[in-house]
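This report concerns only the one structure given below.
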Amino acid sequence: MASTAGTSGPSPQVPAHIAIIMDGNGRWAVRRGLARADGHRQGVLALKTIVKAARARDIRYLTVYAFSTENWRRPQAEIDLLMGLLVEFLASEVDELRAQGVRLAVIGHPEELPASCQGALASGLARTAQGQDLVLTLALNYGSRREIVDAARQLAEEAQTGLIAPDEITDQVFSQHLYTRRLPDPDLIIRPSGEWRLSNFLLWQAAYAEIYSTEVLWPDFDAQELDRAIAAYQRRDRRFGALGGQESQA
Ligand code: IPE
Ligand code: IPE
Ligand code: MG
């Protein structure tokens, strides 16, 4: 399957699951002499655009890093603004998402977000529960190390109570204890704003993801940029530890 994604052969497939680290809002604003808040507002518009574009391109899973476990280190006013934008996004977009066949999901610890976010999230999840075409997962108060530690603790408890034997803990079983248990691993991870780091995002799940970094800042990331990322992905030879497309036929 992976070996067909070269420059020749059958038409390359779009990635089933794209994950995006929505980074660069602050720099976008600073470069324009605007407040960081304006960058975050523009970042929400980019998200709306990319959800539509992903839907139109038959992407089945889109996961976006919206707030990390480390983002609590930011000034309280910026945190409050981000939480407010989340509520606004849900209030204004849920009908549209529903109409597009999108199902919302959340990974992380959303229960620790301010109370104002809880109702909007619960209603967004419930009102899009029937969506069949695209799963839009918001990573909120998400940290990959915390996710892995949560899974380890849960497995330790299951082992202690005799529900599972230590030698039954395989990588599949481990994956089933992560917040992403209902999602396939990401095929493509996009990081705008020129950084080459994962910043505690999907560390386990990224084992064989293709990574794409672009200098474009998230608020400027549009459908054309998405197509560039997908085209780059389609030129990669995903080997999964085996031999590549050419060698395996030799
Ligand atoms: C990403 O943009 C948004 C969040 C982390 C919530 P940043 O706010 O990190 O933007 P930069 O990195 O400062 O440009
Ligand atoms: C990653 O961006 C988190 C989100 C986009 C939500 P950061 O801006 O927090 O990452 P670092 O601090 O540059 O690694
Ligand atoms: Mg950043």
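Indexing begins at 1, ligand by ligand and atom by atom, following the structure's order. Residue indices begin at 1 and follow the sequence shown.
Each protein N/O/S atom under 2.8 Å from the Mg ion (ligand 3) was counted, for a total of 1.
Using modelled atom types, no side-chain atom of N141 and backbone atom of G108 make a donor-acceptor pair closer than 3.5 Å. Without hydrogens or angle criteria, Q234 side chain to Q13 main chain gives a donor-acceptor distance under 3.5 Å. Using a distance-only test at 3.5 Å, with no hydrogens or angles considered, a donor-acceptor pair links the side chain of Q118 to the main chain of L113. The backbone N or O of D185 sits nowhere less than 3.5 Å from a side-chain atom of Y61 that would complete a donor-acceptor pair.
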*For side-chain hydrogen bond (donor to acceptor under 3.5 Å, both in side chains), just list the numbers for H109 and Y142, CA-CA rounded to whole Å, side-chain angles, deciding distance to a tenth of an Å, and then say yes or no.*
CA-CA 6 Å; H109 278 279; Y142 173 88; over 6 Å; no

*Candidate pair S193 and R27, rule side-chain hydrogen bond (donor to acceptor under 3.5 Å, both in side chains), full reasoning*: CA-CA 8 Å; S193 83; R27 277 163 280 181; 3.3 Å; yes

Below 3.5 Å only, please: the N or O atoms of ligand 1 paired with protein N or O atoms, distance on each line.
unit_1	atom_1	unit_2	atom_2	d
ligand 1	2 (O)	G24	N	3.4
ligand 1	2 (O)	N25	N	3.2
ligand 1	8 (O)	R36	NH2	2.8
ligand 1	8 (O)	R74	NH1	2.7
ligand 1	9 (O)	D23	OD1	2.9
ligand 1	9 (O)	R74	NH2	2.8
ligand 1	10 (O)	G24	N	3.4
ligand 1	10 (O)	N25	N	3.1
ligand 1	10 (O)	G26	N	2.9
ligand 1	12 (O)	D23	OD1	2.9
ligand 1	12 (O)	R27	NH2	2.7
ligand 1	13 (O)	R36	NH1	3.1
ligand 1	13 (O)	R36	NH2	3.2
ligand 1	14 (O)	G26	N	3.3
ligand 1	14 (O)	R27	N	2.8
ligand 1	14 (O)	R27	NE	2.7

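Between the CZ atom in F221 and the CG atom in L47 there is a gap of 11.5 Å [rounded to 0.5 Å]. To the nearest 0.5 Å, atoms CG (L104) and CZ (F89) are separated by 6.5 Å.
Near R197, meaning under 4.0 Å from one of its heavy atoms, ligand 2 places the atoms 11 (P), 13 (O), 14 (O).
In this structure, R191 counts as a contact residue of ligand 2, since one of its heavy atoms falls inside 4.0 Å of the ligand.
For D80, there are no salt bridge (Lys or Arg N to Asp or Glu O under 4.0 Å) partners, not counting sequence neighbours. Partners of Q42 under the side-chain hydrogen bond (donor to acceptor under 3.5 Å, both in side chains) rule, at least two apart in sequence or in another chain, do not exist in this structure.
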